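Reviewing the structure listed below.
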Amino acid sequence: MYKHLLVPIDGSALSRRAMDGSIELARQLGARITGLVVEPDLPLAVTSRDAETFSERIEAHQKGNEAHAQSLLGQFEARATAAGVEYSGVAVTAYMVDSTIAEEAKRLGCDMIVIVTHGRGALGEFVFGSHAKGLISKTRLPVLVLH
């Protein structure tokens, strides 16, 4: 039924739950996994009017993003490979995380998204937002929400 799972991760303790849960699900379904890291764009407040400084800040930000993403995707790959699950990883830089996850799932031909939520409740969602709720409103794919 489901053959290609997209699993967004960010390096949090919850990400490890997403990795482990999706690997077990993929193993049972005979599915493959694409791990996704959505790194943040450089905030405008950190930029500079000086072109050289601006360029240096962008380059440093991109290098940091790449290193972080590759580390996370490498950890995910090691876990999936150890479980015998086919795996690939993708890293993108974007401002709108929810939309980016939905767009990447479509672009990659995934048929399910597995995401983890903090489960903060109404007040927590008001203060911090909810990527899980945002994603559900932006995709027509099934979304498995782990807690």
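Position 1 is the first residue of the sequence; numbering continues from there. Note that the structure is a prediction, hence the values are computed from the model and not measured.
Across I113 and P8, no two heavy atoms sit closer than the pair CG2-CD, 4.1 Å. A80 and I23 get closest at one heavy-atom pair: N-CD1, 3.5 Å. Between A31 and H4, the closest heavy-atom pair is CB-N, 4.2 Å. Residue M112 comes nearest to L144 through the heavy atom pair SD-CB, 4.2 Å, listed as atom of the first residue, atom of the second, then distance. A pairwise comparison of heavy atoms in L146 and A18 identifies CD1-CA, 4.1 Å as the closest pair. Pairing each heavy atom of G11 with each of L72, the nearest pair is CA-CD2, 3.3 Å.
L135 and L108 fall within a single hydrophobic cluster, where Ile, Leu, Val, Met, Phe, Trp and Tyr are joined by side-chain heavy atoms under 4.5 Å apart, directly or via other members.
Judged by distance alone, the side chain of T81 and the main-chain N or O of E77 form a donor-acceptor pair under 3.5 Å. N65 places a side-chain N or O within donor-acceptor distance of the main-chain N or O of P40, the cut-off being under 3.5 Å. At distances below 3.5 Å, at least one donor-acceptor pair connects side-chain atoms of D111 with backbone N or O atoms of K3.
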Go through I136 and V145 one step at a time and tell me if the side-chain contact (heavy atoms from CB on, under 4.5 Å) criterion holds. CA-CA 10 Å; I136 289 168; V145 180; 4.1 Å; yes

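With hydrogens and angles left out, the side-chain atoms of E24 and Q28 include a donor and acceptor closer than 3.5 Å.
Atom CD1 of I115 and atom CD1 of I9 lie 12.0 Å apart (nearest 0.5 Å).
Between E103 and K106 no salt bridge is recorded (no basic side-chain N to carboxylate O distance below 4.0 Å).
Within the 4.5 Å cutoff, side-chain heavy atoms of F76 are placed close to those of S22.
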Less than 3.5 Å apart, which donor and acceptor atoms pair up between the side chains of residues 85-94 and the rest of the protein, not counting sequence neighbours?
| residue | atom | partner | partner atom | Å |
| --- | --- | --- | --- | --- |
| Y87 | OH | L73 | O | 3.4 |
| S88 | OG | T34 | OG1 | 3.1 |

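With sequence neighbours excluded, the residues forming a side-chain hydrogen bond (donor to acceptor under 3.5 Å, both in side chains) with E104 are R107, listed by chain and number.
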